[in-house]
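FYI, side chains are in, hydrogens and waters are out, and symmetry mates aren't considered; it's all heavy atoms of this structure.
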Amino acid sequence: MISIGGFSKICGVSTKTLRYYDEIGLIHPEEINPDSGYRYYSISQLKKMIFINRLKSYHFSLEEIKTILESEEDQSEEKLWSALNRKRKEIQERLNAFEYTLKQMSNDISNLEKGISIMSSLDNIEVQLVERETMNILYTRQMMSRDDYALGYEKYFSKLFKKIASEKLTLLGMPMTIYHSAEYNPAGNDTEFAIPVEEIVKGTRDLSGGLCAKSVLKGPYSELTSVYAKLMEWVENDGYELVKSPYEVYVTDPNQAAVPEDIVTEVYFPIKKK
């Protein structure tokens with residue numbers, strides 16, 4: 001048996017952390033002295049602690065690690081393989097985002113050296129007037145916080161696609177998100193996930209058409225705020241006003257994009273003349 005101090009030293013984890021891991025059920029001491037309260041770990045637990053540290057280095061949360069450890073007890077290598085692949089994909093997406101950010105920063109530095117404003121990119125965003133036809137959409141509407149969005153898009157679109165497959169509906173367009181809240185609220189925003197389909201069934205509705213100001217973003221979703229700012233400026237300067245909720249159409253599946261620059265998103269502002 002190894003004392004908690006010795007176990008801590010070998011594994012490079014503080015005794016405070018080990019006590020917390022015990023509290024949340026991640027790894028328990030093999031033995032606790034009933035008189036002194038001293039905690040002891042077995043030699044065999046070193047392997048488990050090293051495994052936990054490795055998963056932490058892969059940026060798994062403690063809750064995720066606990067789930068993996070429970071799967072390990074069931075000797076489910078398939079679940080571990082799946083978890084590792086999922087995390088690798090997440091990390092690759094972050095790397096792609098960082099690479100895009102570095103490229104953008106380099107461009108900004110280069111522009112500043114030439115005396116060009118870093119906000120000059122807004123002038124390159126094109127806006128056009130288009131007529132949109134009324135669409136029949138399969139939808140689900142949720143209150144979404146900032147933290148919900150990343151997983152929310154995948155979760156709710158996945159449910160819609162499953163319904164399309166199970167009911168053999170005819171797909172007529174790309175996934176879209178409609179933003180109904182009048183203003184941004186960090187606690188939650190009225191968000192509608194939708195996919196155009198041909199059949200009128202339970203869970204579908206009409207998305208009315210009409211005149212729209214449209215802009216196309218080729219790049220990561222983090223750049224959408226610039227597109228929205230440009231559209232609002234254009235609408236105001238050209239004597240229009242927003243009459244319905246703006247929406248986004250995802251022309252490119254982000255999972256299929258090799259780099260952020262490959263992601264294409266259309267943004268529509270339904271408008272009318274003042």
Side-chain angles (χ1 to χ4, degrees), residues 59-61 63-68 70-71 74 76-94 96-97 132-181 185 187-209 216-222 224 244-260 262-268 270:
H59 299 275
F60 281 97
S61 68
E63 190 61 36
E64 288 173 325
I65 293 173
K66 186 177 179 182
T67 300
I68 290 171
E70 291 168 353
S71 298
D74 297 333
S76 177
E77 292 293 328
E78 185 178 342
K79 289 182 180 179
L80 176 59
W81 180 89
S82 177
L84 288 172
N85 270 284
R86 190 164 55 247
K87 186 59 67 174
R88 181 174 63 176
K89 179 183 173 184
E90 289 178 17
I91 292 173
Q92 186 60 59
E93 288 173 352
R94 291 182 200 171
N96 290 342
R132 296 282 284 176
E133 294 185 358
T134 297
M135 292 180 284
N136 180 54
I137 57 172
L138 180 68
Y139 71 96
T140 181
R141 195 162 169 172
Q142 308 288 333
M143 291 299 292
M144 304 286 291
S145 70
R146 178 190 291 272
D147 296 334
D148 292 333
Y149 277 114
L151 293 176
Y153 285 98
E154 183 176 346
K155 175 182 177 182
Y156 295 114
F157 281 133
S158 177
K159 285 184 176 179
L160 292 175
F161 276 117
K162 283 180 180 177
K163 183 177 175 68
I164 289 171
S166 65
E167 299 188 16
K168 299 180 180 179
L169 304 179
T170 307
L171 192 66
L172 292 181
M174 305 305 293
M176 56 200 302
T177 305
I178 307 163
Y179 300 100
H180 294 287
S181 294
N185 183 348
N189 295 276
D190 187 359
T191 309
E192 185 175 12
F193 302 94
I195 301 173
V197 295
E198 182 176 340
E199 294 80 5
I200 299 174
V201 298
K202 184 179 180 181
T204 62
R205 74 172 183 89
D206 276 348
L207 177 66
S208 57
V216 179
L217 170 68
K218 295 181 180 178
Y221 299 128
S222 58
L224 280 168
K244 284 176 288 193
S245 301
Y247 58 93
E248 300 166 1
V249 176
Y250 307 109
V251 178
T252 306
D253 182 346
N255 295 319
Q256 303 300 320
V259 292
D262 291 341
I263 300 174
V264 179
T265 309
E266 297 175 346
V267 182
Y268 293 89

Step by step, would you call Tyr268 with Val249 a side chain to side chain contact (heavy atoms under 4.5 Å, CB included)? CA-CA 8 Å; Tyr268 293 89; Val249 176; 3.8 Å; yes
Does Glu266 form a side chain to side chain contact (heavy atoms under 4.5 Å, CB included) with Val251? I'd like the steps, not just the answer. CA-CA 7 Å; Glu266 297 175 346; Val251 178; 3.7 Å; yes
Can Val197 and Leu172 be said to form a side chain to side chain contact (heavy atoms under 4.5 Å, CB included), step by step? CA-CA 5 Å; Val197 295; Leu172 292 181; 5.6 Å; no
Kindly determine whether Ile137 and Ile178 satisfy side chain to side chain contact (heavy atoms under 4.5 Å, CB included), including the steps that lead there. CA-CA 11 Å; Ile137 57 172; Ile178 307 163; 4.1 Å; yes
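Separating the OG1 atom in Thr134 from the CG atom in Asp206 is a distance of 6.0 Å, to the nearest 0.5 Å. Once rounded to the nearest 0.5 Å, the distance linking CE of Met174 with OG1 of Thr265 reads 10.5 Å. Here Glu63 contributes atom CD and Ile68 contributes atom CD1; the two are 11.0 Å apart, rounded to the nearest 0.5 Å. Note that the CZ atom of Phe193 and the CD atom of Glu154 stand 11.5 Å from one another [nearest 0.5 Å]. Note that the CE atom of Met176 and the CD1 atom of Ile195 stand 10.5 Å from one another [nearest 0.5 Å]. Residue Leu171 holds its CG atom at 11.0 Å from CD of Glu198, rounded to the nearest 0.5 Å.
No more than 12 heavy atoms of other residues, nucleotides or ligands shown are found within 6.0 angstrom of CD1 on Ile200. Enclosure of atom CZ in Arg88 is not indicated, since only 12 or fewer non-hydrogen atoms of other residues, nucleotides or ligands lie within 6.0 angstrom.
Between Pro270 and Pro246, the shortest heavy-atom distance links the atoms CD-CA, 4.0 Å.
Legend: residues meeting side chain to side chain donor-acceptor pair (under 3.5 Å) with His180, ordered by chain and number and at least two apart, are Glu192, Ser245. Remark: Tyr139 engages no residue in a ring-ring contact (aromatic ring centres under 6.0 Å, His included) (not counting sequence neighbours). A search for ring-ring contact (aromatic ring centres under 6.0 Å, His included) contacts involving Phe60 returns nothing, not counting sequence neighbours. Annotation: side chain to side chain donor-acceptor pair (under 3.5 Å) contacts of Lys89 (sequence neighbours excluded): Asn255.
Exactly one of Leu224, Val216, Leu217 qualifies for a side chain to side chain contact (heavy atoms under 4.5 Å, CB included) with Val267. That residue is Leu224.
Tyr221 and Tyr250 have perpendicular rings, their planes meeting at more than 60° on a 0 to 90° scale where under 30° would count as parallel.
Side-chain contact between Thr191 and Gln142: absent, with no pair of heavy atoms (C-beta onward) separated by less than 4.5 Å.
Judged purely by atom type and a 3.5 angstrom limit, Thr252 has no side-chain atom pairing as donor or acceptor with the backbone of Ile263.
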Under 3.5 Å, side-chain donor or acceptor atoms of residues 157-166 against the rest of the protein: list the pairs with distances, not counting sequence neighbours.
residue : atom : partner : partner atom : Å
Lys163  : NZ   : Glu167  : OE2          : 2.6
Ser166  : OG   : Lys162  : O            : 3.1
Ser166  : OG   : Lys163  : O            : 3.1

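Sorted by first and then second residue, the salt bridge (Lys or Arg N to Asp or Glu O under 4.0 Å) pairs with a member in residues 132-145 read Arg141-Asp190; sequence neighbours excluded.
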